**Student:** 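Structure incoming, see below.
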There are 2 protein chains.
Amino acid sequence: MKDQTTRDHIIEAADRLFYQQGFEHTSFSHIAGAVQISRGNFYYHFKTKDEILEAVINKRLADRRMMLGQWEIDGDTPVDRIQSFINILLVNKDKIQLYGCPIGTLSTELAKLNHGAQEQANQLFTLFRSWLGRQFSLLGRDRDADVLAMHVLAHSQGVATLANAFNDEAFIRQEVRQISDWLAEIAGHCPKEQGQQQLSKKEQEK
Amino acid sequence: MKDQTTRDHIIEAADRLFYQQGFEHTSFSHIAGAVQISRGNFYYHFKTKDEILEAVINKRLADRRMMLGQWEIDGDTPVDRIQSFINILLVNKDKIQLYGCPIGTLSTELAKLNHGAQEQANQLFTLFRSWLGRQFSLLGRDRDADVLAMHVLAHSQGVATLANAFNDEAFIRQEVRQISDWLAEIAGHCPKEQGQQQLSKKEQEK
DNA sequence: GACAAATTAGGACGGTCATCCTACATCTGT
DNA sequence: ACAGATGTAGGATGACCGTCCTAATTTGTC
């Protein structure tokens with residue numbers, strides 16, 4: 001009870017280390033060292049390493065859900081919100097160049113390990129996929145909303161992978177500019193009345 | 001000398017296993033089992049695991065160089081050749097859905113391990129990058145050839161990552177269709193008119 | 001067929017890993 | 001003050017890892 005903190009510290013450190021070093025390559029000792037607790041003490045909080053992974057995924061899900069929720073508040077139009085997603089590449093450019101995308105690289109690793117938590121990790125992708133799809137629907141692109149959502153998602157993944165490999169910030173900026181233009185074009189061709197309605201609704205809250 | 005075969009068998013098995021299971025997760029025992037040789041016998045052919053990795057990367061480099069060389073022969077126009085690159089996603093769609101892109105996933109893993117062979121593995125990306133850039137130059141896009149090359153490369157990486165996560169063949173087809181249209185458009189706007197007629201020839205499955 | 005070189009087999013080694021156990025400390029409510 | 005619950009420490013365990021050694025076997029050459 002009192003130690004929600006210790007448990008949270010473990011999850012937090014594991015989250016960071018799984019991102020920086022990968023899941024398999026991160027050992028209990030690594031995490032214990034980061035949290036400054038005894039190695040054996042782990043067993044009290046988590047029975048297995050997979051349990052830590054599960055907790056980390058759930059934390060990431062919660063974090064991203066909160067982020068998307070915030071964008072729903074801040075972004076006045078669906079285009080704004082999709083743009084917020086695209087901008088993750090810029091906001092996190094330094095980390096992406098060092099470690100890639102936290103969601104994509106985890107998903108890739110778990111696929112190779114044929115790990116049972118693959119499905120759970122994919123919920124992270126699904127979360128963004130359906131959220132983006134909803135935004136495109138609001139833009140009046142209901143018919144191909146999912147296709148567009150997957151396209152944006154794939155674009156981010158590709159950019160993150162290559163930015164990581166080449167450690168290239170200029171490339172990130174270039175690609176963000178390009179996909180933003182694409183988004184603006186999409187928006188221009190759309191019957192976007194629905195999006196505007198959302199705008200006025202959300203605008204009151206500020 | 002006489003046993004180019006055994007050594008090659010090891011490299012071949014390691015290549016496959018590194019792709020399917022990842023580098024770190026693949027042990028000497030795994031490879032030995034696949035090649036059906038004694039575990040200890042490895043030391044005769046490779047002093048360390050990193051040496052095997054190096055050999056695997058060199059093999060992949062040689063394989064891809066040969067593939068690109070063949071495309072130079074088969075593809076009558078730069079557009080044909082770029083299209084050949086795009087079509088890898090279709091040709092290897094089954095493996096990509098299971099294991100992702102062999103180049104991208106290796107690069108991603110080595111980055112997380114902070115492994116010394118990162119640079120060498122990146123030569124695989126660089127090989128495609130400069131080859132694609134050369135094709136775009138031939139199309140008359142000399143000024144932004146590298147930007148276009150990186151765009152195509154990133155696209156493939158993104159599609160491979162998501163196709164792997166969602167095990168989604170339809171998504172691959174959708175994205176290949178879209179990027180092919182983009183390529184056709186690029187070719188159409190170019191000073192060289194080599195692009196168009198060949199495209200209809202190669203326009204493939206339904 | 002003899003002999004040296006090339007190749008293979010099998011196991012030993014030190015280390016690290018995830019997991020688990022038990023003794024010790026600290027807190028909580030009475 | 002005390003007893004049970006909660007949390008911590010540190011090490012034991014067995015498995016697997018990459019690496020390395022050495023004895024056996026195969027191969028090429030005369």
Side-chain angles (χ1 to χ4, degrees), chain A residues 1-58 106 109-110 112-118 120-121, chain B residues 1-58 106 109-110 112-118 120-121:
Chain A
M1 301 238 172
K2 84 160 175 205
D3 258 85
Q4 190 71 349
T5 41
T6 297
R7 200 189 137 92
D8 286 347
H9 284 161
I10 293 175
I11 297 174
E12 206 173 314
D15 187 8
R16 193 179 70 250
L17 289 172
F18 288 174
Y19 177 36
Q20 296 174 347
Q21 312 185 342
F23 167 68
E24 192 181 26
H25 190 245
T26 299
S27 69
F28 276 66
S29 305
H30 281 133
I31 307 173
V35 190
Q36 300 259 48
I37 64 168
S38 166
R39 211 171 53 269
N41 186 18
F42 260 93
Y43 193 63
Y44 177 77
H45 297 282
F46 299 96
K47 246 82 82 194
T48 67
K49 198 181 175 184
D50 290 348
E51 271 186 31
I52 302 184
L53 175 61
E54 195 185 328
V56 166
I57 295 175
N58 284 333
L106 179 65
E109 181 180 3
L110 295 184
K112 288 237 191 279
L113 302 185
N114 208 12
H115 193 285
Q118 262 177 93
Q120 210 185 344
Chain B
M1 336 232 137
K2 84 157 176 218
D3 255 85
Q4 192 70 346
T5 40
T6 298
R7 201 190 136 90
D8 286 349
H9 284 160
I10 293 175
I11 297 174
E12 208 172 313
D15 188 8
R16 195 180 67 250
L17 290 172
F18 287 175
Y19 177 36
Q20 296 173 346
Q21 313 185 343
F23 167 68
E24 193 180 26
H25 190 245
T26 298
S27 69
F28 277 65
S29 305
H30 280 133
I31 307 174
V35 189
Q36 299 259 47
I37 66 170
S38 165
R39 208 172 59 268
N41 186 17
F42 261 92
Y43 194 63
Y44 177 77
H45 298 282
F46 299 95
K47 246 82 82 194
T48 66
K49 199 182 176 185
D50 290 349
E51 271 186 31
I52 303 184
L53 175 60
E54 194 184 329
V56 166
I57 294 176
N58 285 333
L106 179 64
E109 181 180 4
L110 295 184
K112 287 236 192 278
L113 302 186
N114 207 13
H115 193 285
Q118 263 178 91
Q120 210 184 344

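Predicted model, so just to flag it, every value in this text is computed and none were measured. Lettering of chains follows the sequences in order, A, B, ..., and the numbering in each one begins at 1.
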**Student:** Both A/G40 and A/S29 contact DNA chain C. Which one's nearest nucleotide lies toward the 5' end?
**Tutor:**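 So the residue in question is A/S29.
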
**Student:** Would you say B/T6 reaches C/dT8's phosphate, i.e. side-chain N/O to OP1/OP2 under 4.0 Å?
**Tutor:**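 For C/dT8, OP1/OP2 do have a side-chain N/O of B/T6 under 4.0 Å.
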
**Student:** Between D/dC16 atom C1' and B/R39 atom CZ, what is the distance in whole Å?
**Tutor:**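 Taking atom C1' of D/dC16 as the reference, CZ of B/R39 is at 10 Å.
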
**Student:** Just how far, in rounded Å, is C1' of D/dT19 from CG of B/D50?
**Tutor:**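 In whole Å, D/dT19 C1' and B/D50 CG are 12 Å from each other.
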
**Student:** What is the separation between atom CD on A/E51 and atom P on C/dT19, rounded to the nearest whole Å?
**Tutor:**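 One finds 9 Å between P of C/dT19 and CD of A/E51, rounded.
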
**Student:** At what distance, to the nearest 0.5 angstrom, does CD of B/Q21 lie from CD of A/E24?
**Tutor:**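 Rounded to the nearest 0.5 Å, the CD-CD separation comes to 10.0 Å.
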
**Student:** Could you state the atom-to-atom distance from CZ of B/F28 to P of C/dC13 in whole Å?
**Tutor:**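 So the two atoms are 20 Å apart, to the nearest Å.
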
**Student:** Do the side-chain N or O atoms of B/S27 get closer than 4.0 angstrom to the phosphate oxygens (OP1, OP2) of D/dC17?
**Tutor:**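 Checking B/S27 against D/dC17: at least one side-chain N or O falls below 4.0 Å of OP1 or OP2.
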
**Student:** Kindly indicate, with the supporting measurements, whether the criterion side chain to side chain donor-acceptor pair (under 3.5 Å) is fulfilled by A/N114 and B/Q20.
**Tutor:** CA-CA 9 Å; A/N114 208 12; B/Q20 296 173 346; over 6 Å; no

**Student:** Rounded to whole Å, please give me the gap between CD1 in B/I10 and P in C/dA9.
**Tutor:**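 To the nearest whole Å, that distance equals 10 Å.
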
**Student:** Could you give the CD-to-P distance, from B/Q36 to C/dA9, as a whole number of Å?
**Tutor:**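 For the pair B/Q36 CD and C/dA9 P, the rounded distance is 10 Å.
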
**Student:** Between P on C/dT16 and CD on A/E24, what's the gap in Å once rounded to a whole number?
**Tutor:**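 About 17 Å, once rounded to whole Å.
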
**Student:** Looking at B/H45, I'd like to know whether one of its side-chain N or O atoms comes within less than 4.0 Å of OP1 or OP2 on C/dA6.
**Tutor:**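 Answer is no, no contact under 4.0 Å.
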
**Student:** From C-beta outward on A/N41, which listed nucleotide comes closest to its side chain: C/dA9, C/dA18, D/dA9?
**Tutor:**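 Taking heavy atoms from C-beta onward, the closest nucleotide is D/dA9.
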
**Student:** Quick check on DNA chain C: between B/S38 and A/H25, whose nearest nucleotide comes earlier from the 5' end?
**Tutor:**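 Checking each residue's closest nucleotide, the 5'-ward one belongs to B/S38.
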
**Student:** Nearest 0.5 Å please: distance from the CD1 atom of B/I52 over to the CG atom of B/L17.
**Tutor:**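 That separation rounds to 10.5 Å.
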
**Student:** With a 3.5 Å cut-off and no angle check, do the side chains of B/S27 and B/H30 form a donor-acceptor pair?
**Tutor:**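 The criterion, which ignores hydrogens and geometry beyond distance, is satisfied for B/H30 and B/S27.
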
**Student:** Please check the phosphate of C/dT19 (OP1 and OP2 only) for any side-chain N or O of A/Y43 closer than 4.0 Å.
**Tutor:**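 No, because none of the side-chain N or O atoms of A/Y43 sits under 4.0 Å from OP1 or OP2 of C/dT19.
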
**Student:** Please report, rounded to the nearest Å, how far the C1' atom of D/dC21 is from the CZ atom of B/F42.
**Tutor:**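 Rounded to whole Å, this separation is 17 Å.
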
**Student:** Go through the steps for B/I11 and B/N58 under the test side-chain contact (heavy atoms from CB on, under 4.5 Å), then give the verdict.
**Tutor:** CA-CA 10 Å; B/I11 297 174; B/N58 285 333; over 6 Å; no

**Student:** At less than 4.0 Å, is any side-chain N or O atom of A/Y44 found next to OP1 or OP2 of D/dT8? Yes or no.
**Tutor:**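 For A/Y44, the contact criterion (side-chain N or O under 4.0 Å from OP1 or OP2 of D/dT8) is not met.
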
